[in-house]
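The structure appears right after this line, and notes come after that.
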Amino acid sequence: MRTGDDFFKVIGRDKCGWRLENWLWARLSSLGMSSLRFNAPGSNDDMASYIKFNNVNIDGLLQEYDNNVALLPESTLAWIVDDEWQFKWISNKSGVMLFPDSYKLKSNEKSILVLDLMSRADKTIEVNKYKLEWARQVEQDKKYMWLFDGDEKAKIAMLVDWVRKNSHLLLNWRLIECLSLNAKSEILIFFNLTLQPSEVQLCFSSVKKRWSQEKYRNSLKGKKQCNVVLTEKSLKRLDAMADNYLLSRAQVLEILIRFESEQKRYISEWVKIAKGPDTE
C-alpha cells in the first residue's frame with residue numbers, strides 16, 4: 001500500500017485511483033516536491049505531508065484534475081498500450097515532459113499521465129487526433145518489421161555493430177554512442193526520433209544489404225561453382241522446370257542430381273539405350 005489514512009484526510013476523498021495519484025505526484029513535483037520516493041511504500045503519505053506543510057491549495061488541484069478527467073474518460077484512452085515507443089511519441093507530440101522518477105511507471109501509465117497533464121481546452125479533440133496519427137505511425141513503422149521477422153537477435157546485433165562502427169557519419173553521434181538498442185521499442189525510437197531521415201535510409205539499407213550478403217555467403221558453404229555447357233533445348237527445359245517450381249536453375253540441378261544419385265533410375269536406362277543392344 002502506498003496510501004495511508006492521512007493522505008485521504010488531506011485530499012478529502014475516500015479513494016484515490018492510480019491516475020489521480022500519478023497526476024498529483026507530477027503536479028506537486030512541478031511545485032517543488034521531491035519525487036525520489038515516487039511509487040515507494042507509504043509514498044502518498046509523503047504527498048500528504050508536503051500538501052499540509054506547504055499550504056498547497058489541494059481543492060484547486062483536485063478541481064483541475066476532475067476537469068481534466070471529464071475531458072479524457074477511459075474510453076478515449078483504450079488505444080494506449082504498454083509500449084515505450086508509443087510513450088515517447090506521445091510525449092514528443094504533446095511537448096509534456098515528466099518528472100525524472102516517472103520511469104518507475106509502466107509505459108501506458110506514463111502515456112496517460114502525459115495526456116492528463118496537457119493543459120488545453122480542446123484536449124479531447126487533440127487526443128483523438130493523436131489516436132489517428134499513431135495508427136498512421138504504426139503503418140509507417142512496418143518498414144522496420146524486417147528486423148523482427150526471423151533471426152531477430154542476429155539482425156539487431158548487425159544493426160548495433162553498424163551503428164557503433166559508423167556513428168561518425170550520424171549527426172547525433174554522441175547521443176547514439178550511449179544508446180541501448182536491444183528492445184523493439186528502443187529501435188523504433190532510434191529510427192524515428194534519433195536519426196535524420198537521410199540517416200535512417202543509410203543505416204537501414206546498409207544493414208539490409210549486409211544481411212543479404214551474409215545470408216548469400218552462408219548459402220554457398222559446402223558449394224563450389226561449376227560451369228556446365230548445355231544445349232539450347234536443355235536450357236529451355238531447365239528454365240521451364242525452374243519457372244514451374246519457382247526454383248533457381250542451380251536448385252533444379254541439385255534436386256535432379258540428388259534423386260538420380262539415390263534412385264539410379266534414369267541415367268542407367270539412358271546409357272543402355274545409347275549403347276544399343278549390340279553393345280551388351
Got a second to check how far [X]'s [atom1] is from [Y]'s [atom2], nearest 0.5 Å?
| X | Y | atom1 | atom2 | answer |
| --- | --- | --- | --- | --- |
| Leu253 | Arg258 | CG | CZ | 12.0 Å |
| Met158 | Glu214 | CE | CD | 4.0 Å |
| Ile257 | Glu262 | CD1 | CD | 12.0 Å |
| Ser185 | Asp82 | OG | CG | 9.5 Å |
| Ser198 | Leu202 | OG | CG | 8.0 Å |
| Asn22 | Leu113 | CG | CG | 5.5 Å |

Side chain of [X], backbone of [Y]: donor and acceptor closer than 3.5 Å?
| X | Y | value |
| --- | --- | --- |
| Glu199 | Gln196 | yes |
| Lys123 | Met118 | yes |
| Asp151 | Ala154 | no |
| Gln86 | Val81 | yes |
| Asn166 | Trp162 | yes |
| Ser91 | Val96 | yes |
| Glu109 | Lys106 | yes |
| Ser212 | Lys208 | yes |
| Tyr65 | Trp23 | no |
| Ser29 | Trp25 | yes |

Counting only heavy atoms from other residues, nucleotides and ligands, does the tally under 6.0 Å from [atom1] of [X] exceed 12?
| X | atom1 | answer |
| --- | --- | --- |
| Ile125 | CD1 | no |
| Lys143 | NZ | yes |
| Lys88 | NZ | no |
| Gln263 | CD | yes |
| Gln201 | CD | no |
| Ile267 | CD1 | no |

Side-chain heavy-atom pair [X], [Y] within 4.5 angstrom cut-off:
| X | Y | answer |
| --- | --- | --- |
| Arg210 | Asp161 | yes |
| Asn192 | Trp85 | yes |
| Val56 | Tyr50 | yes |
| Ser94 | Tyr130 | yes |
| Glu64 | Arg27 | yes |
| Met33 | Asp46 | no |
| Leu61 | Ile51 | no |
| Lys155 | Phe148 | no |

Stepwise, does the side chain to side chain donor-acceptor pair (under 3.5 Å) test hold for Gln63 with Asp59?
-> CA-CA 6 Å; Gln63 184 61 54; Asp59 292 333; over 6 Å; no
Would you call [X]-[Y] a salt bridge at under 4.0 Å N-O?
| X | Y | answer |
| --- | --- | --- |
| Asp6 | Lys52 | yes |
| Arg237 | Glu232 | no |
| Glu139 | Lys142 | yes |
| Lys110 | Glu84 | yes |

Using every non-hydrogen atom in the two residues, find where [X] and [Y] come nearest and quote the distance to one decimal.
| X | Y | answer |
| --- | --- | --- |
| Leu24 | Ile11 | CD1-CG2, 4.4 Å |
| Asp116 | Arg19 | OD1-NH2, 2.6 Å |
| Pro73 | Thr76 | O-OG1, 2.7 Å |
| Val10 | Ile58 | O-CG2, 3.8 Å |
| Ser107 | Phe87 | O-CB, 3.9 Å |
| Trp79 | Val127 | CZ2-O, 4.0 Å |

Under a 4.5 Å side-chain heavy-atom rule over Ile, Leu, Val, Met, Phe, Trp and Tyr, are [X] and [Y] clustered together?
| X | Y | value |
| --- | --- | --- |
| Ile90 | Leu72 | yes |
| Val252 | Val228 | yes |
| Met97 | Ile112 | no |
| Leu193 | Tyr103 | no |
| Ile255 | Tyr266 | no |

What's the verdict on salt bridge (charged side-chain N to carboxylate O under 4.0 Å, His left out) for Lys233 and Asp239, showing C-alpha distance, side-chain angles and the deciding distance?
-> CA-CA 10 Å; Lys233 187 176 182 180; Asp239 286 338; over 6 Å; no
Going through the checks in order, is the side-chain contact (heavy atoms from CB on, under 4.5 Å) test met by Ile187 and Tyr144?
-> CA-CA 9 Å; Ile187 291 171; Tyr144 304 123; 5.9 Å; no
Which is it for Leu188 and Met145 under the side-chain contact (heavy atoms from CB on, under 4.5 Å) test, yes or no, and what are the steps along the way?
-> CA-CA 10 Å; Leu188 293 177; Met145 293 304 106; 4.2 Å; yes
Are Phe190 and Leu195 close enough, and set up right, to give a side-chain contact (heavy atoms from CB on, under 4.5 Å), and what steps lead you there?
-> CA-CA 6 Å; Phe190 172 69; Leu195 295 185; 3.6 Å; yes
Check step by step if side-chain contact (heavy atoms from CB on, under 4.5 Å) holds for Arg13 and Leu62.
-> CA-CA 10 Å; Arg13 299 193 176 189; Leu62 292 174; 3.6 Å; yes
